[in-house]
Amino acid sequence: MKDIKHYINGQYVGSASGKLFENVNPANGKVISKVHEAGKEEVDAAVQAAKAALRGPWGKMTLEQRTAILHKVADGINARFDEFLEAECLDTGKPKSLASHIDIPRGAANFKVFADMIKNVPTESFEMPTSDGTGALNYAVRRPKGVIGVISPWNLPLLLMTWKVGPALACGNTVVVKPSEETPTTTALLGEVMKEAGVPDGVYNVVHGFGGDSAGAYLTEHPLVDGFTFTGETGTGEVIMKAAAKGIRDISLELGGKNAGLVFADCDMDKAIEGTMRSAFANCGQVCLGTERVYVERSIFDEFVRRLKEAAEGLKIGPPDDADANMGPLVSLKHREKVLSYYQKAVDDGATVVTGGGVPEMPEELAGGAWVEPTIWTGLPDDSAVVTDEIFGPCVHLCPFDSEEEAIELANSLPYGLASAIWSENITRAHRVAGQVEAGIIWVNSWFLRDLRTPFGGSKQSGIGREGGVHSLEFYTEMKNICVKL
Ligand SMILES: NC(=O)C1=CN([C@@H]2O[C@H](COP(=O)(O)OP(=O)(O)OC[C@H]3O[C@@H](n4cnc5c(N)ncnc54)[C@H](O)[C@@H]3O)[C@@H](O)[C@H]2O)C=CC1
Ligand SMILES: O=C(O)/C=C/C=C(\O)C(=O)O
């Protein structure tokens, strides 16, 4: 069986402790590989390598040389597209039809987009008068922040890791990545692509392991890391923020959500159903931008419930290789326990289960997988944990509303503020509502339509900072103002 090693200073290395953990295929419960768990020693070696690489060839390259290499990284991912696809789908169980359209292409695009952006985004300059009349010129330059600790989740492993590593490297930083323990493979494989593309040793490092008392914590506690970027649960974000406070290190946090969909009676119903289907069930509901609570104007509520039920029941659950499947398993049996506990809680809290609510029957060879049914509820009180907590499963609660004001109030009623989807053909209303919903990302008549130049991140407890476009450059660089007396 394959073992997955750390990638430190351009070499694949095992753990000195010899500690390994199992990487399980969530579609059938079988062990795919054994993964080395990093101790403090490996994390320190990775951080030291990253620090040294800042002063090596990487730090001396011109912008043109560096960005040309990042284009080669993108080309390298595309050249090994099928290998990445296979690895991502084995780790996550997601349909190949999904990963081949989203995860892997975005993995490559994240390098190209930021390589091009860093070359094209200007910095500011100001001329100023001085008392002797000669004046002075201020101009700003960008410099890399240093060593960036990247802690990434399991739901879109390659996409979300490269969303951080792409801009970090484009800006001239070096990175130590700690991928989720659930999905280590594509992050490991990227080391080979980095090498082939000519990325100098020590620029891209990977350490595997868990969060607390393991590689994640060792990385955030390491004093030589200059900044952290993290996507995951709000509670974990708090822990990372505390660790980063020591030494005043910068953070970019993209955290949990409990995003609201708002469906107005003047929507295009076909589009609203199609979009809500995706926002509730895509990637088996494991997308932080997903809408687990959808408020529908009362006059169309019954029709919406009926049509969403029909659509959900038309989903084909199956393993990655099933070309007809549009829903895979959850990432693990442990995560399924969490999701099923909410399915039970919904019933306990008096929900009407419109569809789903359990575990589907699967063929014998898949019976050990983390399968769940896509689930729709109605009738829950606003304070049910099912309506207030991020479940991160293929489920949605539908609730009627009577006025625009009420819809906005419901959308804003939780401490999260990541994303929202508004469905209305009245574009004036859509603008008005979008302006008032407290979230970092609002879609009108769409969902997960991504332009990588736009600010991306959450408000309230859904995060700190924005990445995407120039905002990534802001986080991954230090701006330095140079004032020249003329
Ligand atoms: N994209 C998102 O917004 C994601 C949200 N989640 C939410 O989080 C819940 C729990 O899932 P987890 O995998 O446990 O999420 P998590 O937020 O704990 O894990 C994400 C990453 O953080 C690392 N990590 C955990 N504790 C850490 C620590 N103390 N120091 C440094 N790194 C640490 C993990 O090893 C993993 O790489 C899910 O049920 C879901 O609600 C999970 C994954 C992705
Ligand atoms: O498109 C992106 O950059 C990110 C999409 C999804 C997430 O951030 C997430 O599910 O965590």
Side-chain angles (χ1 to χ4, degrees), residues 21 35 37-38 43 92 102-103 105-107 109-110 113-114 149-164 166-167 176-184 187 206-222 225 228-244 251-259 279 282-290 292 330-332 334-339 341-342 389-393 416 418-419 440-441 443 447-458 461-463 466-469 472:
F21 61 93
V35 189
E37 183 182 351
V43 172
T92 59
I102 295 188
D103 301 64
R106 261 294 296 282
N110 285 335
V113 165
F114 290 104
V150 175
I151 300 175
S152 51
W154 42 257
N155 57 330
L156 299 159
L158 183 73
L159 185 159
L160 286 173
M161 181 267 294
T162 53
W163 173 243
K164 300 165 183 306
V176 179
V177 184
K178 208 298 282 170
S180 169
E181 54 275 28
E182 306 282 3
T183 54
T187 306
V206 181
V207 287
H208 299 286
F210 301 86
D213 274 332
S214 182
Y218 303 149
L219 182 59
T220 56
E221 284 158 12
H222 200 294
V225 183
F228 297 97
T229 173
F230 168 73
T231 298
E233 201 189 16
T234 296
T236 311
E238 281 180 3
V239 175
I240 291 174
M241 197 170 168
K242 275 190 200 143
I251 43 161
S252 175
L253 304 177
E254 200 250 278
L255 307 175
K258 186 73 177 181
N259 311 302
S279 66
N283 207 35
C284 203
Q286 302 165 119
V287 182
C288 65
L289 311 160
E292 287 185 354
L330 291 167
V331 75
S332 65
K334 182 169 159 243
H335 186 50
R336 184 171 73 169
E337 259 175 53
K338 172 185 163 181
V339 172
S341 76
Y342 281 97
D389 295 0
E390 181 180 60
I391 301 172
F392 228 59
Y416 295 113
L418 186 57
I441 305 148
W443 279 286
W447 179 76
F448 208 166
L449 189 56
R450 292 281 287 114
D451 181 327
L452 305 188
R453 295 168 299 182
T454 59
F456 185 88
Q461 291 183 22
S462 291
R466 295 289 180 273
E467 297 195 36
S472 293

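For ligands, and for the atoms within them, numbers begin at 1 and follow the listed sequence.
Under 4.0 Å from ligand 1, the heavy atoms of Ser152 that appear belong solely to its backbone. Neither the backbone nor the side chain of Glu182 has any atom closer than 4.0 Å to an atom of ligand 1 (non-hydrogen atoms only). In Phe210, the part holding a heavy atom less than 4.0 Å from any atom of ligand 1 is the backbone.
Of the protein's non-hydrogen atoms, Asn155 ND2, 3.3 Å is the one closest to atom 1 (N) of ligand 1. For atom 4 (C) of ligand 1, the closest non-hydrogen atom of the protein is Phe392 CZ, 3.4 Å. Scanning the protein for heavy atoms near atom 32 (N) of ligand 1, the closest one is Gly216 CA, 3.6 Å. The protein heavy-atom contact nearest to atom 20 (C) of ligand 1 is Phe230 CE1, 3.8 Å. The single protein non-hydrogen atom nearest to atom 42 (C) of ligand 1 is Trp154 CZ2, 3.8 Å, given as residue, atom name and distance. For atom 33 (C) of ligand 1, the closest non-hydrogen atom of the protein is Gly211 CA, 3.4 Å. The shortest contact between atom 16 (P) of ligand 1 and any protein heavy atom is with Thr236 OG1, 3.5 Å. Scanning all protein heavy atoms for the shortest distance to atom 7 (C) of ligand 1 gives Glu390 OE1, 3.5 Å.
The CD atom of Glu390 sits 8.0 Å away from atom CG of Asn259, with the distance rounded to the nearest 0.5 Å. Taking CZ of Arg466 as the start and OG of Ser472 as the end, the distance is 12.0 Å to the nearest 0.5 Å. Rounding to the nearest 0.5 Å places CD of Glu238 at 9.5 Å from CD of Glu233. Rounded to the nearest 0.5 angstrom, Leu160 CG and Glu254 CD are separated by 7.0 Å. The distance from the CG atom of Leu158 to the CD1 atom of Ile102 is 13.0 Å, given to the nearest 0.5 Å. Here the CE atom belonging to Met241 is positioned 14.0 Å from the OG1 atom belonging to Thr236, to the nearest 0.5 angstrom.
In this structure, Gly212 has a heavy atom closer than 4.0 Å to ligand 1.
Judged purely by atom type and a 3.5 angstrom limit, Thr234 uses its side chain to pair as donor or acceptor with the backbone of Gly256. Proximity of a side-chain donor or acceptor of Gln286 to a complementary backbone N or O of Val331 within less than 3.5 Å is detected.
Residue Leu418 comes nearest to Ser462 through the heavy atom pair N-OG, 3.3 Å, listed as atom of the first residue, atom of the second, then distance.
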Check: every ligand 2 N/O to protein N/O pair under 3.5 Å:
from     : atom 1 : to     : atom 2 : distance (Å)
ligand 2 : 1 (O)  : Arg106 : NH1    : 2.9
ligand 2 : 1 (O)  : Arg450 : NE     : 2.7
ligand 2 : 3 (O)  : Arg106 : NH2    : 2.8
ligand 2 : 3 (O)  : Arg450 : NH2    : 2.9
ligand 2 : 8 (O)  : Glu254 : OE1    : 2.6
ligand 2 : 10 (O) : Asn155 : ND2    : 2.8
ligand 2 : 10 (O) : Cys288 : N      : 2.8

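For Asp213, the CG atom counts as loosely surrounded, since its 6.0 Å shell holds 12 or fewer non-hydrogen atoms of other residues, nucleotides or ligands. Around the NZ atom of Lys338, the shell of radius 6.0 Å holds more than 12 heavy atoms that belong to other residues, nucleotides or ligands.
For ligand 1 and Cys288, the ligand atoms under 4.0 Å from any heavy atom of the residue are 1 (N), 2 (C), 3 (O). Near Lys178, meaning under 4.0 Å from any of its heavy atoms, are these atoms of ligand 1: 34 (C), 35 (O), 36 (C), 37 (O). Which parts of ligand 1 touch Ile151 is read off a 4.0 Å heavy-atom cut-off, strictly below it: atoms 21 (C), 22 (O), 23 (C), 31 (C), 32 (N), 37 (O).
With sequence neighbours left out, Phe230 forms a ring pair (Phe, Tyr, Trp, His ring centres under 6.0 Å) with no residue at all.
Ring geometry for Phe456 against Trp163 counts as perpendicular: the plane angle is over 60°, on a 0 to 90° scale with 30° as the lower cut.
Under the 4.5 Å side-chain criterion, counting only non-hydrogen atoms from C-beta, Val43 is not in contact with Lys178.
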| task | Might you work through the side-chain contact (heavy atoms from CB on, under 4.5 Å) test for Thr162 and Arg106, ending with a clear yes or no? | result | CA-CA 8 Å; Thr162 53; Arg106 261 294 296 282; over 6 Å; no

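Shown here, atom 39 (O) of ligand 1 is in close reach of the protein: a heavy atom of it lies under 4.0 Å off.
Counting only non-hydrogen atoms, the option in Val177, Val239, Leu219 that gets closest to atom 29 (N) of ligand 1 is Val239. Compare Glu233, Glu254, His335 by their heavy atoms: the one nearest to atom 8 (O) of ligand 1 is in Glu233.
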